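Notes follow once the structure below has been shown.
Counting convention: from 1, in listed order, for ligands and their atoms alike. Just so you know, these numbers come straight off a predicted model, no measurement behind them.
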Amino acid sequence: MSRIAYVNGQYLPHRSANVHVEDRGYQFADGVYEVVTVIGGRLIDEEGHLDRLWRSLGELQIDAPMKRGPLKAVMREVIRRNGIKDGIIYLQVTRGVAPRDHPFPKNIPPSLVMTAKRLSPEKLEKKAEEGVVVITVPDIRWTRRDIKSVSLLPNVLAKQAAKDSGAYEAFQVDEEGMITEGSSTNAWIIDSDGKIITRPTGNSILAGITRAALIRELEKHGIELELRSFSVEELHSAREVFLTSSTSYVLPVVKVDDHVIGNGHPGIISQKLRGIYQDFMIAGK
Ligand code: PDD
């Protein structure tokens, strides 16, 4: 089955799916995006992702490209036309096309692009069984990280640094020496008392949809959580470390920089939380 992209009202073969050279997304990174997990052909946490998309658009004064109902219909059609059972759908909304000028014109129609791709649950499962390696890098991003902007250059550099050193992810460190989040994931630790810790939302991190779902599940299961920032030292000496995202779910971390976490294998609590999150995805609520 050949891949199909949705571009401003048309379903097109990937190779001929284009946007205009003066799309402001292309020239100014003037746009936002979402990545939504698909499991068994079902969108996970669709409402949470759409709430966040609308919030990101609002913060940047970009008009919604269409109402929520029709947008959901297009998402389903993209999944159907690409025959996706397990994978992701990518949505991108940019301010639209206009002659290049920094201030933005009012009343131009936003551009909407969607693509979808398969992901192998088996490959991810293997990663989860082994655990992944993380490095730390300085957080060089702007201060509105709550907006899911397509302006991802610092994240790209952080992920490349991870890749170059054979790691899966880079956790970013703010000027106070505290972890903000991964280049495309949220960061969590479990301290020596078994307490689960993750940074509170605000402008300094993206309010991850997986993070929010896991927090709801922790509450349901009566598992204690501490919402606070944690330092690089706490990360290095944590009993367990894991990360969350729509493409990684809950993924145990076994090494950070030169520090082996626990016994170098995925921790018991992280594995349990991965199971809890997967049950949530399968149950669909
Ligand atoms: N990234 N933090 C950042 C900086 C992210 O880019 C992401 C998501 C997350 C996790 O958010 P969520 O649980 O809603 O996926 C945290 C997506 C997957 C990406 O850019 O591909």
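- Close approach to Ser246 involves these atoms of ligand 1, each under 4.0 Å from a residue heavy atom: 12 (P), 13 (O), 14 (O), 15 (O).
- The proximity of Leu152 to ligand 1, defined as any non-hydrogen pair under 4.0 Å, does not occur for either the backbone or the side chain.
- Residues Phe104 and Val21 do not share a hydrophobic cluster, defined by chaining ILVMFWY side chains whose heavy atoms lie under 4.5 Å apart.
- Contact annotation for Val35 and ligand 1: only side-chain heavy atoms (C-beta onward) come within less than 4.0 Å of the ligand.
- The contact set between ligand 1 and Asn186, taken as ligand atoms under 4.0 Å from a residue heavy atom, comprises 10 (C), 16 (C).
- The option from Ala187, Ser184, Ser183, Gly208 that lies nearest to atom 1 (N) of ligand 1, judged by heavy atoms, is Ser184.
- Using a 4.5 Å cut-off on side-chain heavy atoms (C-beta onward), Val253 and Tyr168 make no contact.
- Residue contacts with ligand 1: Tyr33 is placed with a nitrogen or oxygen under 3.5 Å of a nitrogen or oxygen of the ligand (distance criterion only).
- Shown are Glu129, Glu122, Glu130; of these, the salt bridge (charged side-chain N to carboxylate O under 4.0 Å, His left out) with Lys126 is made only by Glu130.
- Not a single heavy atom of Arg145 sits less than 4.0 Å from an atom of ligand 1.
- Residue contact check: Glu181 has heavy atoms under 4.0 Å from atoms 2 (N), 3 (C), 4 (C), 16 (C) of ligand 1.
- Proximity to Lys148 (heavy-atom distance under 4.0 Å) selects the following atoms of ligand 1: 1 (N), 5 (C), 6 (O), 7 (C), 8 (C), 17 (C), 20 (O).
- Side chains of Asp23 and Ser111: a donor-acceptor N/O pair is present below 3.5 angstrom, by distance only.
- Using modelled atom types, one finds no donor on one side chain facing an acceptor on the other under 3.5 Å when comparing Ser183 with Gln172.
- Judged as a side-chain hydrogen bond (donor to acceptor under 3.5 Å, both in side chains), the pairs with a partner in residues 251-261 (not counting sequence neighbours) are, in order, Thr136-Asp257, His236-Asp257, His236-His259.
- Ring planes of Phe242 and Trp188: parallel class, angle under 30° (limits at 30 and 60°).
- At the top of the distance list for atom 18 (C) of ligand 1, counting protein heavy atoms only, stands Thr247 OG1, 3.9 Å.
- In this structure, Arg81 is positioned above the aromatic face of Tyr11, its NZ or CZ under 6.0 Å from the six-membered ring centre and within 45° of the axis.
- For ligand 1, the polar-atom distance check against Ile209 finds a nitrogen or oxygen pair separated by under 3.5 Å.
- The proximity of Arg52 to ligand 1, defined as any non-hydrogen pair under 4.0 Å, is limited to the side chain.
- Although no hydrogens or angles enter the test, the distance criterion places a donor-acceptor pair under 3.5 Å between the side chain of Thr210 and the main chain of Ser246.
- Under 4.0 Å from ligand 1, heavy atoms of Thr210 appear from its side chain as well as its backbone.
- Distances shorter than 4.0 angstrom do not occur between any heavy atom of Tyr90 and any atom of ligand 1.
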